[in-house]
Each structure stands twice: as C-alpha cells, then as structure tokens.
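Per chain, numbering begins at 1; letters A, B, ... match sequence-line order.
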Amino acid sequence: MAFTLYSLLQAALLCVNAIAVLHEERFLKNIGWGTDQGIGGFGEEPGIKSQLMNLIRSVRTVMRVPLIIVNSIAIVLLLLFG
Amino acid sequence: MADPHQLFDDTSSAQSQGYGAQRGPSGLGYPTASASPQAAFLADPVSNMAMAYGSSLAAQGKELVDKNIDRFIPVTKLKYYFAVDTLYVGKKLGLLFFPYLHQDWEVQYQQDTPVAPRFDVNAPDLYIPAMAFITYVLVAGLALGTQDRFSPDLLGLQASSALAWLTLEVLAILLSLYLVTVNTDLTTIDLVAFLGYKYVGMIGGILMGLLFGKIGYYLVLGWCCMSIFVFMIRTLRLKILAEAAAEGVPVRGARNQLRMYLTMAVAAAQPLLMYWLTFHLVR
C-alpha cells in the first residue's frame with residue numbers, strides 16, 4: 001500500500017519515456033500506426049485508433065526536449081541519492 | 001539596553017519613519033537623542049534607502065504573483081466550488097447516501113454559467129470532497145490507533161496514497177474522454193469534485209467498522225458503494241452522453257454505446273477504490 005505521489009511521478013516519467021522511444025519508421029509504420037496512415041478524411045469523428053496515433057505523435061513531438069531535461073535531472077538525483 | 005518603555009518608543013517611531021518609503025532623506029531629521037543601536041541603524045539614510053528599495057521590490061513581487069497565480073491555479077474558478085452553505089451540504093450528503101428518490105439531476109444554468117452550489121443541489125462543489133478527504137485521513141489514523149498500528153508517518157502515507165489514487169483516476173478518465181472524443185463541458189475540477197465524493201462513503205464504512213466490526217463495515221460499505229454507483233451514473237450520464245440518451249431514450253450507435261461503457265466503467269471504479277482504500281484499516 002505504499003503508493004505515494006513520488007511513485008506516481010516515477011511511473012509517469014517511465015510511461016512518457018516509453019511513448020517517446022517508439023520509432024516512427026522502424027516500428028509504427030510496420031504495425032500501421034504511422035502518422036501518414038491515419039488521416040481519415042474530414043469525416044464525422046476520428047475513431048479511437050486515430051486519436052491514439054495523434055496522441056502518440058503529439059507526445060513525441062512536444063515532450064522531446066522537456067524529457068531530456070527531466071531525465072537528466074532524474075539520473076543525477078538517482079545517482080546522488082539512490 | 002535602554003529600559004523597555006524607551007525601546008518600544010524607539011522602534012515604533014523608527015518604523016513610522018522608515019516605512020515612509022518615499023521620504024528617504026527624512027531619516028536625517030530623526031531625533032538622534034536616543035543612543036540605542038537600532039535607532040542609529042535606522043537613521044542612516046543608506047539603510048533607509050535600502051529598506052525603501054526592498055519594500056518596493058516586495059510590493060512588485062507580490063503584484064507579479066497576484067497577476068500570474070491565475071494562470072497556474074484558477075483561483076476565481078475555485079471560488080465557485082466553495083460557494084456552499086449548510087443547507088446545500090446537508091442535502092448533498094443525503095443525496096450521496098440515498099440517491100434513489102431524487103428525480104431531477106440537471107444543473108440549472110444562469111445565462112451560460114452554472115448556478116453556484118448554494119442554489120442548486122446538483123452542482124458539484126469542492127468543499128465536501130476536501131473535508132471528506134481530510135476526515136478520511138484522520139479516521140484512518142484513528143482506526144490504525146485502535147489497532148496499535150499507528151505511527152505519525154503512516155498518516156502522511158495514507159494521505160499521499162489516497163491523493164495518488166485520485167490523481168491516477170483523474171488522468172485515466174481524462175485520457176479516456178480524449179480517446180472517445182466526447183464533447184463535454186466536464187472540466188477537470190468538476191471531475192475532481194465528483195471523484196472526491198466517494199470519501200464520504202469510505203468514512204462511513206470505516207466508522208461503522210470501528211464500532212461494529214467487520215459485519216458493520218461490510219454492510220455500510222456495500223450500501224455506500226451502491227449509492228455512489230447510482231449517483232455517479234446519474235450525474236455523469238448527463239455530462240458525457242448525448243442529450244437524447246440522457247433523457248432515457250436508448251440511442252443506437254457505436255459512439256453512444258462507447259460513452260455508456262465509459263460512464264459505467266467510471267462508476268464501477270468507485271466501489272472498487274472505496275474497498276481498496278479502506279479494507280486494510282478494518283480488522
């Protein structure tokens with residue numbers, strides 16, 4: 001029952017890292033989740049799959065630089081304080 | 001040091017001189033009859049200027065914080081959620097424990113803005129969830145104390161654990177609302193308010209468990225779980241589902257079905273979390 005806010009932060013950082021390492025060409029295209037494969041027309045509303053692909057693409061674009069910073073801080077802190 | 005009476009006179013008149021921030025050089029006119037070190041320090045025009053500069057910096061900083069605080073914490077929006085009175089709290093608590101007879105779950109609007117909780121029992125508020133959360137932490141401490149398992153850091157652990165589950169719930173629901181492309185006016189704070197209502201049932205369960213043992217705990221918790229389930233479904237139905245379906249007419253279509261599943265999943269997660277956060281407290 002030691003589910004603290006700190007472990008939530010750690011889990012969130014790991015999840016965002018996981019999304020950021022999904023490679024566009026080598027992986028996502030091969031399973032049909034590439035960003036150029038998902039654009040349906042100006043149809044009614046995007047389905048769940050295209051929303052997910054949008055989400056992955058935006059997370060990868062937006063969080064690239066902040067992740068570098070946060071990861072560096074996390075590495076330094078974990079080295080210092082275990 | 002001078003006697004207390006003179007000291008008091010010195011500092012008060014020094015203050016009334018020194019805080020005239022614009023009158024820097026007036027320190028020269030300060031009565032130099034007193035020889036106490038503070039008066040000499042404050043009479044020095046340089047330190048007067050320094051104090052004036054410092055106080056103007058502080059005023060500027062305060063202004064900056066006041067202007068920008070609204071960007072990070074929507075203070076004005078939060079005030080809406082705390083506009084409650086005793087009658088509303090009483091009715092809302094009754095609704096949380098017995099929602100079966102309530103007919104009209106719509107929030108009344110007043111020119112595009114929802115009415116304050118004081119005037120409509122259906123409006124969400126943050127007072128009850130905040131109070132219930134704090135009471136939950138205290139009651140958890142009480143329960144641990146009666147079983148000789150108490151230590152002060154356990155209180156902090158309980159609090160941060162419950163807060164972490166709440167945050168996780170909010171994030172999960174926001175993510176699923178985004179994936180299902182629901183156009184809803186359900187704001188994040190609304191969501192926090194709705195998810196915080198389950199603490200009321202949890203407190204009831206723990207207290208009954210303390211008084212009557214496991215049987216009382218399971219009975220009251222079961223009752224509160226059912227009530228929260230019905231409450232959440234009836235409240236979220238209006239917010240998440242389309243208008244037609246909200247009136248009770250089952251609308252066909254994959255989209256509405258998905259939304260119904262989402263509502264039921266959110267409502268079903270409440271009893272689970274209520275049990276998970278309390279069962280280790282009642283032995």
Check this for me: A/Leu79, atom CG, are more than 12 non-hydrogen atoms of other residues, nucleotides or ligands nearer than 6.0 Å?
yes
Crowded around B/Tyr261 OH? As in, over 12 foreign heavy atoms under 6.0 Å?
no
Any side-chain to backbone donor/acceptor pair from A/Gln51 onto B/Val180? Under 3.5 Å, distance only.
no
With sequence neighbours left out, write down each residue that passes side chain to side chain contact (heavy atoms under 4.5 Å, CB included) with B/Met274, or none if nothing qualifies.
B/Lys198, B/Met202, B/Leu221, B/Cys224, B/Cys225, B/Ile228
N/O donor to acceptor pairs below 3.5 angstrom from side-chain atoms of residues 67-76 of chain A, sequence neighbours left out:
residue, atom, partner, partner atom, Å
A/Asn71, OD1, A/Asn17, ND2, 3.1
A/Asn71, ND2, A/Asn17, OD1, 2.9
A/Asn71, ND2, A/Leu67, O, 3.3
A/Ser72, OG, A/Ile68, O, 2.5

Proximity breakdown for A/Leu52 and chain B, heavy-atom pairs closer than 4.5 Å:
both
Should A/Leu55 and B/Leu175 be marked as a side chain to side chain contact (heavy atoms under 4.5 Å, CB included) after you check the CA-CA gap, both sets of side-chain angles, and the distance that decides it?
CA-CA 10 Å; A/Leu55 186 65; B/Leu175 179 69; 3.6 Å; yes
